[in-house]
Amino acid sequence: MTVPLILSWLWPLLLAPLVLRPQRHWLVALAPLPALATALWIPAGTRIELPWLLVGTTLGLDTPGRIFLGFTALLWLVAAVHAIRALRDSPHAGRFHLFFLLAMAGNLWLIVALDLASFYTGFALMGIASYGLVIHDGRRESLRAGKVYLILTLLGETTLFMALVLIAHQTGSLAPSATALTALDDLAIGLLILGLAVKAGLMPLHVWLPLAHPAAPVPASAVLSGTMIKAALLGWLRFLPLGALALPHWGLLLVLAGLITAILAPLIGLIQTNPKVVLAYSSVAKMGVMTLTLGLLLIEPQLAPVGVLALALYAGHHALTKGGLFLGVGLRHTSGRQPMILAGLSLLVLVMIGAPITSGAITKDGLKPVLEVLDWRWLGAALGLASVVTALLMARFLWLMWRTEPHPEPGYRTAGAAWGLLIAAILVLPPAIALSDGAKLGWTTNLNLIAIALALGLPVLLAALQRPGTLDGILDRIPPGDLLVALRPLPPLWRWSQRWITRRWAERRARLLDSQRTWIDRHWHATRTSPVERQMARWLVAGTLWAGLVLSIGLAVIRWL
């Protein structure tokens with residue numbers, strides 16, 4: 001049991017230096033295989049201790065972890081096959097594959113890590129390596145997106161590190177149980193929620209997602225949106241006291257933050273013209289739904305056994321479907337089999353909006369016991385609104401894909417075959433598992449929501465078809481990274497304030513030195529001293545003044561403390 005758990009994340013690290021050479025790029029497709037085998041054959045509940053690694057490492061697979069490892073490894077595998085072809089002609093393909101494997105290793109490591117130190121190590125490795133994926137092509141837009149991504153990632157990781165240190169101190173363990181986590185205070189919980197909210201893309205910390213996804217190559221966008229943002233959800237499931245303690249105030253905060261994110265993100269996405277930006281806002285919205293559900297589990301801890309498993313399955317559904325949509329965007333531009341690509345994208349859109357007998361309908365039904373536990377009628381209405389807006393957003397994406405002009409290139413047969421197998425797995429496996437467990441497949445609610453979305457979207461579509469310029473006034477009115485527009489005046493204001501402070505300080509310093517020189521020259525001229533003596537006197541007086549100033553500030557600080 002020890003070797004598969006270690007190889008699941010160590011194997012990509014070992015392969016990373018080898019893929020720099022062009023003749024070895026095919027090794028990227030081998031990297032996720034140990035992790036996929038571990039998810040399939042290592043039973044849930046496996047746990048090993050490695051005291052020689054870091055400060056003592058605990059690796060293992062609980063049931064949610066096994067689900068996360070399975071869909072994560074599968075999506076990384078399909079994205080790796082796509083990356084080999086998509087980056088074949090790039091002069092920096094080796095560099096991309098290096099960062100790709102490093103991010104993969106970090107992503108897989110944090111899933112099998114049950115202790116705080118290993119989780120943070122994998123999380124940090126994944127976050128920093130992903131910066132190389134975002135800025136791969138070196139365009140100005142990519143560099144700006146990478147800058148925003150790196151700043152928020154480092155802030156989130158610093159906050160998460162402080163939270164994990166507090167958790168280790170307050171629980172007395174690097175691998176705390178749910179019972180031990182009940183000892184956490186509000187500071188540790190708040191830092192944990194805030195640190196992972198950046199990776200989850202909760203509003204207003206979501207601004208990196210709509211910038212990074214269109215900047216990164218398609219395979220990187222697939223794993224960024226499909227698997228990496230789910231690391232935040234896994235961290236919350238691991239290190240919050242779910243099922244052991246009710247935290248109604250934190251739960252309500254997560255419910256409101258998730259609800260705002262689930263409604264506002266697709267509304268902004270509806271007026272975007274880049275399909276990858278539309279998918280980015282869709283990912284933000286879905287993470288809002290997952291965060292909302294997590295908040296309900298904090299309010300009603302008795303639902304944790306059912307809710308945690310339902311959240312893991314919903315995360316898997318979203319990861320595979322959204323990753324398939326991103327890869328489909330790349331194939332739409334480059335593949336020669338356009339009717340099949342459009343058919344596959346249409347099927348994935350139906351899965352995403354929760355059409356009956358799909359993984360979307362099944363996983364939404366799994367969340368219903370949690371979403372309906374509280375008698376909050378406003379919550380049901382808000383969730384219905386979010387679902388309708390998400391359905392309209394997916395229709396908007398399909399419309400953009402339909403109007404995209406392809407530029408077919410040879411050599412995408414393997415990537416297309418891997419994408420087709422991914423779609424087959426999304427369509428076949430979840431319903432088969434649900435039927436074997438006797439689960440409901442979800443009919444009425446989802447059909448009603450789809451009908452509402454069509455009723456709202458059809459008039460707009462007809463108007464756009466009759467008058468093509470109807471929507472031009474609102475398209476791209478809010479650019480990707482929406483809130484950053486409001487922050488644009490801050491850097492010029494900051495530079496102006498720095499120049500003003502520097503100029504005022506220089507003027508004040510010049511006046512002080514002039515007054516010192518005047519007094520010293522007047523005093524020592526009468527005694528006919530040498531220039532050297534006068535200069536020494538100036539230094540002595542200036543040093544005395546500065547020492548007095550520093551002493552005064554120090555005494556003031558000591559008195560304040």
Side-chain angles (χ1 to χ4, degrees), residues 47 49-51 53-60 62 64-65 68 106-107 109-128 150-202 204-205 228-258 287 290-291 293-299 301 304 307-308 311 561:
R47 186 185 180 100
E49 302 286 341
L50 301 175
L53 184 60
L54 298 179
V55 292
T57 296
T58 303
L59 301 179
D62 49 12
F68 270 83
N107 196 182
W109 192 353
L110 68 89
I111 293 174
V112 298
L114 299 181
D115 66 289
L116 301 168
S118 299
F119 179 87
Y120 180 78
T121 304
F123 190 89
L125 176 62
M126 177 189 72
I128 300 300
L150 189 61
I151 291 173
L152 287 175
T153 295
L154 292 177
L155 290 175
E157 290 179 1
T158 304
T159 307
L160 177 62
F161 179 78
M162 293 188 291
L164 297 182
V165 169
L166 287 176
I167 292 173
H169 172 69
Q170 294 173 11
T171 61
S173 173
L174 288 175
S177 62
T179 304
L181 290 171
T182 57
L184 299 182
D185 60 11
D186 285 339
L187 178 60
I189 294 174
L191 290 175
L192 179 65
I193 291 175
L194 181 60
L196 293 174
V198 175
K199 183 64 66 179
L202 290 184
L205 304 173
M228 294 192 200
I229 61 176
K230 308 302 185 299
L233 178 64
L234 183 62
W236 285 329
L237 295 178
R238 286 263 170 87
F239 304 120
L240 286 175
L242 296 174
L245 180 67
L247 298 171
H249 52 296
W250 289 112
L252 183 59
L253 177 64
L254 288 177
V255 168
L256 295 177
M287 289 306 298
M290 298 180 209
T291 305
T293 308
L294 181 73
L296 294 175
L297 294 181
L298 289 177
I299 296 174
V308 169
L311 265 178
L561 293 175

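Every value quoted in this text rests on a predicted model; they were computed, and no experiment measured them.
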For this session: Please examine the side chains of Thr58 and Leu50, heavy atoms only from C-beta on, and report whether any two atoms are closer than 4.5 Å.
Result: no

For this session: Find the distance between CG (Leu164) and OG1 (Thr159) and round it off to the nearest 0.5 Å.
Result: 11.0 Å

For this session: Go through the structure and list residues passing side-chain contact (heavy atoms from CB on, under 4.5 Å) with Thr158, not counting sequence neighbours.
Result: none

Problem set entry | Test item: Leu294 and Leu237 side chains (from C-beta on) under 4.5 Å apart, heavy atoms | yes

Exercise. Which pair of non-hydrogen atoms, one from Lys199 and one from Met228, has the smallest distance, and what is that distance?
Worked result: CG-O, 3.6 Å

Seminar exercise, completed: Smallest heavy-atom separation, Gly258 atom then Thr291 atom, equals CA-CB, 4.3 Å

Exercise. Out of curiosity, Tyr120 OH to Leu110 CG, how far, rounded to the nearest 0.5 Å?
Worked result: 12.5 Å

Problem set entry | Nearest-0.5 Å distance, CG of residue Leu54 to OG of residue Ser118 | 5.0 Å

Seminar exercise, completed: Heavy atoms of Leu181 and Pro176 approach each other most closely as CD2-CG, 3.7 Å

For this session: Start with the C-alpha gap between Leu154 and Ile128, add the side-chain angles, then the distance that decides, and say whether side-chain contact (heavy atoms from CB on, under 4.5 Å) holds.
Result: CA-CA 8 Å; Leu154 292 177; Ile128 300 300; 3.6 Å; yes

For this session: Would you name the heavy atoms of Leu116 and Ser173 that are closest together and state the gap between them?
Result: CD1-O, 3.8 Å

Exercise. What pair of heavy atoms forms the shortest contact from Pro241 to Ala178, and how long is it?
Worked result: CB-O, 4.2 Å

Exercise. Rounded to the nearest 0.5 Å, how far does CD1 of Ile167 lie from CG of Leu192?
Worked result: 4.5 Å

Exercise. Where the side chain of Asp186 meets the backbone of Ile189, is there a donor-acceptor pair that is under 3.5 Å apart?
Worked result: no

Seminar exercise, completed: d(Phe119 CZ, Leu234 CG) to nearest 0.5 Å is 5.5 Å

Exercise. Checking Asp115 side chain against Thr57 main chain: does a donor-acceptor pair fall under 3.5 Å?
Worked result: no

Exercise. Please walk me through it: do Leu194 and Leu205 pass side-chain contact (heavy atoms from CB on, under 4.5 Å)?
Worked result: CA-CA 9 Å; Leu194 181 60; Leu205 304 173; 3.9 Å; yes

For this session: Determine, step by step, whether Leu297 and Leu240 satisfy the side-chain contact (heavy atoms from CB on, under 4.5 Å) criterion, reporting the C-alpha distance in whole Å, the side-chain angles of both residues, the deciding distance to 0.1 Å, and the verdict.
Result: CA-CA 10 Å; Leu297 294 181; Leu240 286 175; over 6 Å; no

Problem set entry | Minimum side-chain heavy-atom gap Leu160-Val198 below 4.5 Å | no

Exercise. Would a 4.5 Å heavy-atom cut-off, applied to side chains only, mark Phe239 and Leu184 as touching?
Worked result: no

Exercise. Which pair of heavy atoms, one from Gly127 and one from Glu157, lies closest together, and at what distance?
Worked result: CA-OE2, 3.7 Å

Problem set entry | CG-CG distance between Leu256 and Leu252, expressed to the nearest 0.5 angstrom | 4.5 Å

Problem set entry | Side chain proximity check, Thr171 to Ser177, heavy atoms < 4.5 angstrom | no

Problem set entry | Backbone N/O of Ile111 and side chain of Arg238: donor-acceptor pair under 3.5 Å | yes

